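Right, one structure below, let's go through it.
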Amino acid sequence: MDITLLTEDKDPMGSAVYDYFKQGKAARLRVFSSQFEEDEIPVKDLFRSYEEMPLLEQKALQLAEGKILDVGAGSGCHTLALRKMGKETLAIDISPWSVKVMEARGLTARQVNLFDERFTERFDTILMLMNGSGIIGRLERMGDFFRRIRQLLNPGGQILMDSSDLRYLFEDEDGSYLVNLAGNYYGEIDFRMQYKQVKGDSFDWLYVDFDTLSAYAAQCGFRAECIQEGSHYDYLARLTVTDEAL
């Protein structure tokens, strides 16, 4: 798995987060993909309070327990909410600017790539929110992901991950789905971001439907449980190890 960390000059999302934190506003955070038209991320949404979060995220924070790892923590909104609940949380992100912001907000944060095996701490809950499955990148990396997560979980631990089923993008007027079964999995997307003059590199991002996630989990000695479904093909899953002896 790729264990790259971003540098300050290649960190568009982190730069936007830093500007918003310092100035209370930010320019457009633009998102490009070879599969979709240009889009943008509202930076203020990355600073949402617990009350402003989707119900799936609120549910995940309620279920998080023990020693918690917040993966891809961004501005630290989830970690901040957990701290207010009195829960012990470490936030990690590959973005240097995001880590600066989280530290300035008084949070325990490190610039760490989840897949870097030099990171050896263990946790009772691993949170992967805001389409947390994205960092897996592609379906072919599922095995590596589950092997890595197993190294980081304490016995009896859990992963709380949200994702979305993108099949709705391929729905025809009659309700059928026009998915090319011979092509790549329809949830494998490439993205690139830009903020002002800061251009990031292209990266793979995975949206995975629950049935596919559950099948891969079972192959890797995990159980997937759908905790809650959202309003638009999204869901919150809990992943737990079924064969602790392995």
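Values in this document were obtained by computation on a predicted structure and should not be read as measured data.
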Under 3.5 Å, is there a donor-acceptor pair between the side chain of [X] and the main chain of [Y]?
X	Y	answer
Arg48	Asp45	yes
Ser164	Leu166	no
Gln111	Ile94	yes
Ser75	Leu46	yes

**Message:** For Glu37, I'd like to know if atom CD has over 12 heavy atoms of other residues, nucleotides or ligands within 6.0 Å.
**Reply:**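 Counting other residues, nucleotides and ligands, CD of Glu37 stays at 12 neighbours or fewer.
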Could you tell me whether [X] and [Y] make a salt bridge, using a distance below 4.0 angstrom between a side-chain N and a carboxylate O?
X	Y	result
Asp144	Arg141	no
Lys44	Glu52	no
Asp93	Arg110	no

Check whether any side-chain heavy atom of [X] sits under 4.5 Å from a side-chain heavy atom of [Y], and report yes or no.
X	Y	value
Leu127	Leu69	no
Leu5	Val112	no
Ile41	Met193	yes
Ile136	Met142	yes
Phe119	Asn113	no
Val198	Trp97	no
Phe145	Tyr216	no
Asp209	Arg167	no

Contact list for [range], test salt bridge (Lys or Arg N to Asp or Glu O under 4.0 Å), sequence neighbours left out:
range	result
residues 9-29	Lys10-Asp201, Asp19-Lys196, Arg28-Glu38, Arg28-Glu40
residues 64-92	Lys67-Glu121
residues 223-234	Arg223-Glu225, Glu225-Arg238

Verify whether one side chain among [X] and [Y] offers a donor that lies under 3.5 Å from an acceptor in the other.
X	Y	result
Gln158	Thr240	no
Tyr50	Gln62	yes
Ser34	Asp190	yes
Ser214	Asp211	no

**Message:** Students often mix this up, so state it plainly: with edges at 30° and 60°, are the rings of Tyr207 and Phe191 parallel, tilted or perpendicular?
**Reply:**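 Because their plane-to-plane angle is over 60°, the rings of Tyr207 and Phe191 count as perpendicular.
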**Request:** Name the orientation class of the two ring planes belonging to Tyr235 and Phe210 (parallel below 30°, tilted from 30 to 60°, perpendicular beyond 60°).
**Result:**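 Ring orientation of Tyr235 relative to Phe210: perpendicular.
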Grab the two heavy atoms, one from [X] and one from [Y], that are nearest each other, plus how far apart they are.
X	Y	result
Ser33	Ile189	OG-CG2, 3.7 Å
Gln151	Arg122	O-CZ, 3.3 Å
Ala73	Ala91	CB-CB, 3.6 Å

**Item:** Steps toward side chain to side chain contact (heavy atoms under 4.5 Å, CB included) verdict (Leu114, Leu152)
**Value:** CA-CA 9 Å; Leu114 180 72; Leu152 295 169; 3.5 Å; yes
**Message:** Among Ile68, Leu107, Thr125, which residue satisfies the side-chain contact (heavy atoms from CB on, under 4.5 Å) criterion with Leu82?
**Reply:**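 Answer after filtering Ile68, Leu107, Thr125: Ile68.
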**Message:** Is the terminal nitrogen or CZ of Arg192 (NZ for Lys, CZ for Arg) located under 6.0 angstrom from the six-membered ring centre of Phe32 and within 45° of that ring's axis?
**Reply:**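 Flagged: Arg192 positioned over aromatic ring of Phe32.
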[X] side, atom [atom1]; [Y] side, atom [atom2] - distance, nearest 0.5 Å:
X	Y	atom1	atom2	answer
Ser95	Glu8	OG	CD	9.0 Å
Leu206	Asn131	CG	CG	7.5 Å
Met128	Leu239	CE	CG	9.0 Å
Leu61	Cys77	CG	SG	8.5 Å

**Message:** Set out, in order, the CA-CA distance, both residues' side-chain angles and the distance that settles ring pair (Phe, Tyr, Trp, His ring centres under 6.0 Å) for Tyr20 and Phe47, then state yes or no.
**Reply:** CA-CA 9 Å; Tyr20 192 90; Phe47 286 82; 4.9 Å; yes
**Message:** Please determine whether side chain to side chain contact (heavy atoms under 4.5 Å, CB included) holds for the pair Glu188 and Leu139, giving the CA-CA distance in whole Å, both sets of side-chain angles, and the decisive distance to 0.1 Å.
**Reply:** CA-CA 8 Å; Glu188 294 178 342; Leu139 280 184; 3.6 Å; yes
**Item:** Steps toward side chain to side chain contact (heavy atoms under 4.5 Å, CB included) verdict (Leu6, Met13)
**Value:** CA-CA 11 Å; Leu6 298 181; Met13 178 178 278; over 6 Å; no
